[in-house]
Amino acid sequence: MRGVDLAQLKALQQQYAGKVVQYDMHKTFSPRFIAGGDVGFEAQGTVARAAMVIMTWPELELVEYQVARVPVTLTYIPGYLSFRECPALEAVWQMLTIKPDLLFIDGQGIAHPRGLGVASHFGLFADIPTIGVAKSRLCGEYAELGSEPGSAVALQYQGQTIGSVLRSKLRCNPLFISVGHKISAASALAWTQQCLRGYRLPEPTRWADAVASNRPSFQRWLARQ
DNA sequence: GCGACAG
DNA sequence: ATCTTGTCGC
């Protein structure tokens, strides 16, 4: 699962990062469908399992989900996650009957050493607005965060603000929100907050994770269908 | 050289 | 990410 030249992937990241759009293409857009994407692994890490869920806005009701399994081509290397997960995400994306207007991806967007986390990389591929929602930090520094849900501080890296650190839920570790593609930093944070429903993760990401891991919450949803 | 390091 | 039971705190 190696055989690849990291210097070459690094050059690709620098090239792709220059194509990322960090502002709202449609200032007043009101999405009809919002999606969530997540990737898990099985068979001792040799197979990537990507899940994507489609939810209505503003109800945030699950209306479609798909799962794709693809052979892994690269081991996990911090900073190169997108090359490991994008093939599987691209596979589920093709399976979707409904294409979303906005997509949340589990992982960093531009909050990456070279500005190309998986949310940005996949956003360029799908060519739609994407937001990166990571459960931990890859790079950057940030000031102490308030304990109240909703409090947020800037994530800075080399003198630049690359994202926000958001306390989405009381007594829970914060989320690292960043622009994926075709959206502004302010919108990325605002849409994340608008998709919160009492849990640490915004609904799209939470359900994508539930589907990818076949969690009880998803099983109950299936039974009610 | 040493420590950090999305999922 | 994944392997996995109980357990501490609200």
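Being a predicted model, the structure only gives us computed values, none of them experimental. Below, chains carry the letters A, B, ... as their sequence lines are ordered, and counting in each starts from 1.
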(request) For A:His121 and B:dA6, give me the distance from atom NE2 to atom P, rounded to whole Å. (result) 18 Å
(message) Once rounded to the nearest 0.5 Å, what's the spacing between atom CG of A:Asp209 and atom CZ of A:Arg206?
(response) 9.5 Å
(request) Take atom OH of A:Tyr142 and atom P of B:dA6, then tell me their distance rounded to the nearest Å. (result) 12 Å
(message) Nearest whole Å is fine: how far is B:dA4 P from A:Glu141 CD?
(response) 14 Å
(message) Under 4.5 Å between side-chain heavy atoms, counting indirect links through other Ile/Leu/Val/Met/Phe/Trp/Tyr residues: same cluster for A:Trp221 and A:Met55 or not?
(response) yes
(message) Does a side-chain N or O of A:Arg49 approach OP1 or OP2 of C:dT2 to a distance below 4.0 Å, or not?
(response) yes
(message) Pairs counted only when both distances fall under 3.5 Å, Watson-Crick or G-U: show me the 5' to 3' dot-bracket for DNA chain C, [ ] for pseudoknotted crossings and | for other-strand partners.
(response) ..........
(request) Can you tell me which stems involve DNA chain B, if a stem is defined as three or more consecutive Watson-Crick or G-U wobble pairs, both distances under 3.5 Å? (result) none
(message) So, OP1 or OP2 of B:dG7: does either fall under 4.0 Å of a side-chain N or O from A:Lys135?
(response) yes
(message) Once you apply a heavy-atom cut-off of 4.0 Å, does A:Gly40 come out as touching a base, just sugar-phosphate, or nothing?
(response) sugar-phosphate
(request) May I ask you to decide if the ring planes of A:Phe122 and A:Phe125 are parallel, tilted or perpendicular, using 30° and 60° as cut-offs? (result) tilted
(request) Send over the distance from A:Leu81 CG to B:dA4 C1', rounded to a whole Å. (result) 16 Å
(request) Check the hydrophobic clustering (I, L, V, M, F, W, Y; side-chain heavy atoms under 4.5 Å; chains of links allowed) and say if A:Val165 and A:Leu196 are grouped together. (result) no
(message) For a quick check of understanding: with a heavy-atom distance under 4.0 Å over all strands, which category does A:Val118 fall into, base, sugar-phosphate or nothing?
(response) base
(request) Take the protein atom CG of A:Asn214 and the nucleotide atom C1' of C:dA1, then report the distance between them rounded to whole Å. (result) 17 Å
(request) Select base, sugar-phosphate, or nothing to describe what A:Glu42 touches, counting heavy atoms under 4.0 Å on all strands. (result) nothing
(request) With the side chain counted from C-beta on, respond yes when A:Trp207 and A:Tyr65 share a heavy-atom pair under 4.5 Å apart, and no when they do not. (result) no
(request) Consider the side chain of A:Leu138, meaning its heavy atoms from C-beta on, and name the nucleotide among B:dG7, B:dA6, B:dA4 that approaches it most closely. (result) B:dA6
(request) Might you work through the salt bridge (charged side-chain N to carboxylate O under 4.0 Å, His left out) test for A:Asp127 and A:Lys182, ending with a clear yes or no? (result) CA-CA 8 Å; A:Asp127 194 35; A:Lys182 288 191 165 183; 2.9 Å; yes
(request) Please work out if A:Gly79 contacts a base, only the sugar-phosphate, or nothing of the nucleic acid, heavy-atom cut-off 4.0 Å. (result) base
(request) Please report, rounded to the nearest Å, how far the P atom of C:dA1 is from the CD atom of A:Gln108. (result) 13 Å
(request) Kindly indicate whether the side chain of A:Ile110, heavy atoms from C-beta on, has any atom under 4.5 Å from the side chain of A:Gln22. (result) yes
(request) Would you say whether A:Tyr76 stacks on B:dG7? The test is a distance between ring centres of less than 5.5 Å and an angle between planes of less than 30°. (result) yes
(message) Between A:Lys10 and A:Asp5, does any side-chain N to carboxylate O distance fall below 4.0 Å?
(response) no
(message) Measuring to OP1 and OP2 of B:dA6, would you say a side-chain N or O of A:Ser82 lies under 4.0 angstrom away?
(response) no
(message) So A:Thr205 and A:Asp38, do their side chains get closer than 4.5 Å, heavy atoms only?
(response) no
(message) According to a hydrophobic-cluster definition based on side-chain heavy atoms being under 4.5 Å apart (Ile, Leu, Val, Met, Phe, Trp, Tyr only), do A:Val92 and A:Val72 belong together?
(response) yes
(request) Give a yes or no on whether a salt bridge exists between A:Glu203 and A:Arg197, defined as a side-chain N under 4.0 angstrom from a carboxylate O. (result) no
(request) Calculate the interatomic distance between A:Phe122 atom CZ and B:dG7 atom C1'; express it in whole Å. (result) 16 Å
(request) May I ask you to test the A:Pro204-A:Phe33 pair for a side-chain heavy-atom distance under 4.5 Å? (result) no
(request) Starting at atom CD1 of A:Ile77, determine the distance to atom P of B:dA6, rounded to an integer number of angstrom. (result) 13 Å
(request) Measure centre to centre between the rings of A:His112 and A:Tyr157, then say whether the value is under 6.0 Å. (result) no
(request) Would you classify A:Phe83 as touching base, sugar-phosphate or nothing, given that sugar-phosphate means primed atoms plus P, OP1 and OP2, and contacts are heavy atoms under 4.0 Å? (result) nothing
(message) Can you see if the side chain of A:Arg84 gets near the phosphate of B:dG7 - specifically, an N or O under 4.0 Å from OP1 or OP2?
(response) no
Which protein N or O atoms sit under 3.5 Å from an N or O of nucleotides 4-10 of chain C?
{"unit_1": "C:dC10", "atom_1": "O3'", "unit_2": "A:Arg171", "atom_2": "NH2", "d": "2.9"}

